[in-house]
Number of protein chains: 2
Amino acid sequence: MSTAHGSAPQGARARARIEVTAAIKDQARRQLAAEGAAKLSLRAVARELGMVSSALYRYFPSRDDLLTALIIDAYNSLGESAEAARDTFADAGPGHRWVAVCEALRGWALAHPHEYALIHGSPVPGYSAPETTIPAAARVGEVFFGILRDAHRGLGLAKPSLPAELRPEAERMAADFAPDLPPETVAAFVAAWAQLYGLVGFEVFGQFQRVVEDRERFFRHAVCRLAHGVGLVYPQTGPAAAGG
Amino acid sequence: MSTAHGSAPQGARARARIEVTAAIKDQARRQLAAEGAAKLSLRAVARELGMVSSALYRYFPSRDDLLTALIIDAYNSLGESAEAARDTFADAGPGHRWVAVCEALRGWALAHPHEYALIHGSPVPGYSAPETTIPAAARVGEVFFGILRDAHRGLGLAKPSLPAELRPEAERMAADFAPDLPPETVAAFVAAWAQLYGLVGFEVFGQFQRVVEDRERFFRHAVCRLAHGVGLVYPQTGPAAAGG
DNA sequence: GTCTATAGGCGGATAGAC
DNA sequence: GTCTATCCGCCTATAGAC
């Protein structure tokens, strides 16, 4: 919007703005952990930062805009860890990579439970995410579709069964999200995706307390079976076993 | 605690107390829908009821106690609908009943999204459910175990595969929850349970918006596959098809 | 059991000086 | 960009009269 000659003072000003913005978001994330998204308050953030509440409005026009920024950051952070896992196992088979990405998602969720709740927990009452969150939200899905595409191009993808009554729906989903994949695969993947988040959510939100103890192994086995369900040929053991 | 001779005035008083308690909980549930559990407020409930906030403390000693009552009610309501579905299909095979119960859970969750969020959504910050919620929470699980037991006693239960590294965990879970079922079954059921709630949660919390359209059929197919995963022999179509 | 009154907080958001 | 001051609302919880 302003000039592009990038003189030093303007650069410094812009840098300061970025730093303060980051500090606000960091503090907000801490508050997210303590009080939850529903109670995120600009005033409390300002107080902890030694600022006055009205100053924050120069950075975020409203509480909801701050929330939106946190959501986008969370999706991007989750997406990055999925992409990193994919790239780390770039030479492994698609089944291997599937498990690695699932484990990365679980690891991220366990490390950032409150941000996980923000994007995959119950909705924040009175808040509706704007469309600007969509690209960040799509990153994880793209990682999975990439793995399925690789498998499809190679020879590692079996077609899941699909009842006739579900075929129209599967074809619509495939047309919308991955026209280069078989409809059976896309439908099975969407179901597996939701189920994956059931496994992660139960663990992160404490429903496995006093139920599952060896959660890491339990999870690996479950996502291996999910991989099988979408048609991926998968290794007997997960990627962690390859390292030890 | 008091006398047991049940004279009319005492009965009337007790009835009134029950009625007011119910009215408070009803209003609180409405507020749950509008504002979410994190913002549930005794004052707002009192205002809507035409009472004064301090009067509510005669019924619930604190905000958290009211929340606990709502959680127990929700678990019981969910459990009842699961039991009702099981009983409606008492004569059908276990696979049929599995699907019917899953569909009942989904139906309940869609009809009571905010109460569903209360029991299976992200935790309410600063609130920790007391142990008094456990019996109500266990009802749904018992319905599923009952179905699996029937199948096991009959001939309709295949043993899911179980990697050696997971066997100790599976045996511990079986000993804790269903000693009369094979460990393979118990482990597979726990995973299926979490996955089922992933499917329900994604739909209830809106993650399937613009992704899945024919959600009922999609769900039925997914839970049929879950049934298969735990070793149940299941019918090609769900119970709804039997009626139409 | 219900009321008034009160204590001691909290919040979002804006206006206008500097 | 940050400040003070302000508006107007909200909350949990208790004391003490009736």
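Worth knowing before you read on, the calculation uses all heavy atoms, side chains too, and leaves out hydrogens, waters and symmetry mates.
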### Task
Take the angle between the ring planes of A:Y197 and B:F202 and call it parallel below 30°, perpendicular above 60°, tilted in between.
parallel
## Note on the structure
Span of DNA chain D engaged by chain A, first through last nucleotide within the 4.0 Å heavy-atom cut-off, is D:dG1 to D:dT4
### Task
Could you tell me whether B:R63 contacts a base, only the sugar-phosphate backbone, or nothing, with contacts defined as non-hydrogen atoms closer than 4.0 Å?
sugar-phosphate
### Task
Using the six-membered ring of B:F208, assess whether NZ or CZ of B:R215 lies under 6.0 Å from its centre and within 45 degrees of the ring axis.
no
### Query
A:L42 CG to C:dG11 P: how many Å, rounded?
10 Å
For a quick test of your reading: what N or O donor-acceptor pairs under 3.5 Å do the side chains of residues 117-129 of chain B make, sequence neighbours left out?
| residue | atom | partner | partner atom | Å |
| --- | --- | --- | --- | --- |
| B:S122 | OG | A:S122 | N | 3.0 |
| B:S122 | OG | A:S122 | OG | 3.0 |
| B:Y127 | OH | B:T68 | OG1 | 2.6 |

### Pairs where residues 131-143 of chain A contributes a residue and the test side chain to side chain donor-acceptor pair (under 3.5 Å) is met, not counting sequence neighbours
A:N76-A:R139, A:E83-A:R139
### Within residues 47-61 of chain B, residues whose heavy atoms come under 4.0 Å of DNA chain D
B:R47, B:S54, B:Y57
### Query
Between B:F144 and B:W98, is the gap from one ring center to the other below 6.0 Å?
yes
### Message
Just to verify, what does B:D176 make a salt bridge (charged side-chain N to carboxylate O under 4.0 Å, His left out) with, not counting sequence neighbours?
### Response
B:R172
### Message
Under a 3.5 Å distance rule, please check whether B:R29 uses its side chain to pair with a backbone N or O of B:L70 as donor and acceptor.
### Response
no
### Task
Would you check if the side chain of B:Q31 reaches a backbone N or O of B:S41 as a donor-acceptor pair within less than 3.5 Å?
yes
### Query
At under 4.0 Å between heavy atoms, what does A:L40 touch on the DNA or RNA strands: base, sugar-phosphate, or nothing?
sugar-phosphate
### Query
Using the benzene-type ring in the case of Trp, are the ring centres of A:F145 and A:F189 under 6.0 Å apart?
yes
### Task
Give me the residues of residues 17-35 of chain A where at least one heavy atom lies under 4.0 Å from an atom of DNA chain D, by number, or none.
A:R17
#### Entry: Atom pair distance, as rounded to whole Å: CZ in B:R43 and P in C:dC10
16 Å
### Query
Under the 6.0 Å and 45° cation-pi test, does A:R97 pair with A:F89?
no
